[in-house]
Amino acid sequence: MEEARLPARAVRNELAAELSRRELLGRATTVGLGALVMGALPAAARMAAPAAAAASGLPTDPDGTLQAFYDTLIPGVKVLGLKTELGHAIHPKAIAGVDPEPGAVYTDALELGKNPKLGFELLAPALLGELETRALAQGAIADGALFLSLDYEHRQAVCVGGLAFSNQTRIVWEAAAAVAFAAFCAAATIVNADGRPGATRNRAAGYRVMGHPGIAPHGYRDFSYGRRLNRGLTQNGSLP
């Protein structure tokens with residue numbers, strides 16, 4: 001894929017570009033994400049633990065496996081100190097390091113997924129079981145951390161298969177992918193002391209990567225298009 005066709009600088013690989021075309025970016029708000037997760041619950045309930053995953057056991061480190069999954073969708077640079085933007089632990093094998101800028105793991109996708117208001121933790125076991133089964137097909141070593149043992153190219157192949165339209169459990173994978181998008185593109189974990197959204201480029205790494213300045217309740221006093229945008233007036237100051 002040519003770089004010019006990518007929908008945004010923050011969506012830096014073909015897998016994430018495909019997800020953006022499915023409007024995950026547009027639904028990557030706290031409300032939209034919650035609805036997406038709830039919509040995936042019936043499909044997750046029908047998912048039996050895959051035989052291959054059951055034989056090898058679910059991941060010994062589910063948090064690290066989920067971080068590796070998020071890094072596959074929106075990859076990032078390896079983080080010194082193995083701490084996220086909010087100071088949470090990063091599994092040493094989670095970030096493949098294929099991008100020079102912060103990604104979904106650093107912007108606390110894992111922490112967002114643990115928010116009880118979203119209900120994503122109800123989907124996680126089903127997703128992890130299928131994730132590990134598909135990792136075996138990519139040559140993963142059966143060491144209790146199958147997906148974590150893969151390099152980035154094989155991780156991406158696992159996710160491409162899981163998110164394919166031919167996969168009947170795709171909606172569960174899309175809901176999980178939306179967690180990464182909400183953490184990175186919508187800075188969903190960055191809030192003020194009163195609990196309201198408070199992300200700016202100074203506080204949210206995802207915004208810095210995208211070049212987005214963040215919220216400004218009173219506008220940006222130092223920004224202007226440099227020209228008057230409208231010279232006309234309506235008769236009574238209101239639109240027709």
Side-chain angles (χ1 to χ4, degrees), residues 10 12-13 15-16 28 30 33 37 53 56-132 135 140-152 154-156 158-159 173 175-193 195 197-209:
R12 297 184 292 270
N13 61 17
L15 177 58
T30 302
L33 176 57
V37 169
S56 60
L58 291 176
T60 54
D61 193 325
D63 284 357
T65 301
L66 283 173
Q67 285 182 328
F69 171 74
Y70 297 139
D71 180 69
T72 308
L73 301 173
I74 304 181
V77 65
K78 289 182 179 291
V79 179
L80 294 176
L82 296 175
K83 296 291 184 181
T84 68
E85 192 166 35
L86 297 180
H88 298 103
I90 297 175
H91 191 285
K93 294 183 179 180
I95 298 178
V98 299
D99 196 277
E101 297 181 288
V105 174
Y106 182 69
T107 55
D108 285 283
L110 180 65
E111 188 67 16
L112 178 61
K114 291 183 176 182
N115 188 325
K117 294 181 180 179
L118 296 180
F120 175 71
E121 289 189 297
L122 298 175
L123 299 182
L127 173 72
L128 287 167
E130 192 168 327
L131 195 68
E132 295 291 75
I141 301 171
D143 60 356
L146 306 178
F147 189 75
L148 273 168
S149 72
L150 297 175
D151 60 22
Y152 182 79
H154 287 91
R155 290 180 183 182
Q156 184 170 238
V158 168
C159 292
W173 288 72
V179 173
F181 274 66
F184 184 88
C185 301
T189 62
I190 307 297
V191 297
N192 290 324
T200 66
R201 64 177 292 110
N202 294 327
R203 299 182 63 197
Y207 281 9
R208 291 195 295 275
V209 173

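All values below come from the heavy atoms of this structure, side chains included, with hydrogens, waters and symmetry mates left out.
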Can you tell me how far the [atom1] atom of [X] sits from the [atom2] atom of [Y], to the nearest 0.5 Å?
{"X": "I74", "Y": "T72", "atom1": "CD1", "atom2": "OG1", "value": "11.0 Å"}
{"X": "R208", "Y": "T107", "atom1": "CZ", "atom2": "OG1", "value": "10.5 Å"}
{"X": "T65", "Y": "E132", "atom1": "OG1", "atom2": "CD", "value": "5.0 Å"}
{"X": "D63", "Y": "I90", "atom1": "CG", "atom2": "CD1", "value": "12.0 Å"}
{"X": "T189", "Y": "L110", "atom1": "OG1", "atom2": "CG", "value": "11.0 Å"}
{"X": "H91", "Y": "Q67", "atom1": "NE2", "atom2": "CD", "value": "8.0 Å"}

Quick check: do [X] and [Y] have side-chain heavy atoms less than 4.5 Å from each other?
{"X": "L73", "Y": "L15", "answer": "yes"}
{"X": "L128", "Y": "F147", "answer": "no"}
{"X": "L127", "Y": "L66", "answer": "yes"}
{"X": "D151", "Y": "H154", "answer": "yes"}
{"X": "V209", "Y": "F184", "answer": "yes"}

Legend entry - ring pair (Phe, Tyr, Trp, His ring centres under 6.0 Å) against F120, all qualifying residues, sequence neighbours excluded: none
Legend entry - Option passing side chain to side chain contact (heavy atoms under 4.5 Å, CB included) with Y106 (candidates D71, V77, V79): V79
Locate the shortest heavy-atom distance separating [X] from [Y]; write the atom from each residue and the value.
{"X": "L112", "Y": "A183", "answer": "CD2-N, 3.7 Å"}
{"X": "K78", "Y": "G97", "answer": "CG-CA, 3.9 Å"}
{"X": "V179", "Y": "A109", "answer": "CG1-O, 3.3 Å"}
{"X": "A175", "Y": "L123", "answer": "CB-CD1, 3.8 Å"}

Is a donor on one side and an acceptor on the other found under 3.5 Å between the side chain of [X] and the backbone of [Y]?
{"X": "R203", "Y": "V191", "answer": "yes"}
{"X": "K93", "Y": "S149", "answer": "no"}
{"X": "E85", "Y": "A205", "answer": "yes"}

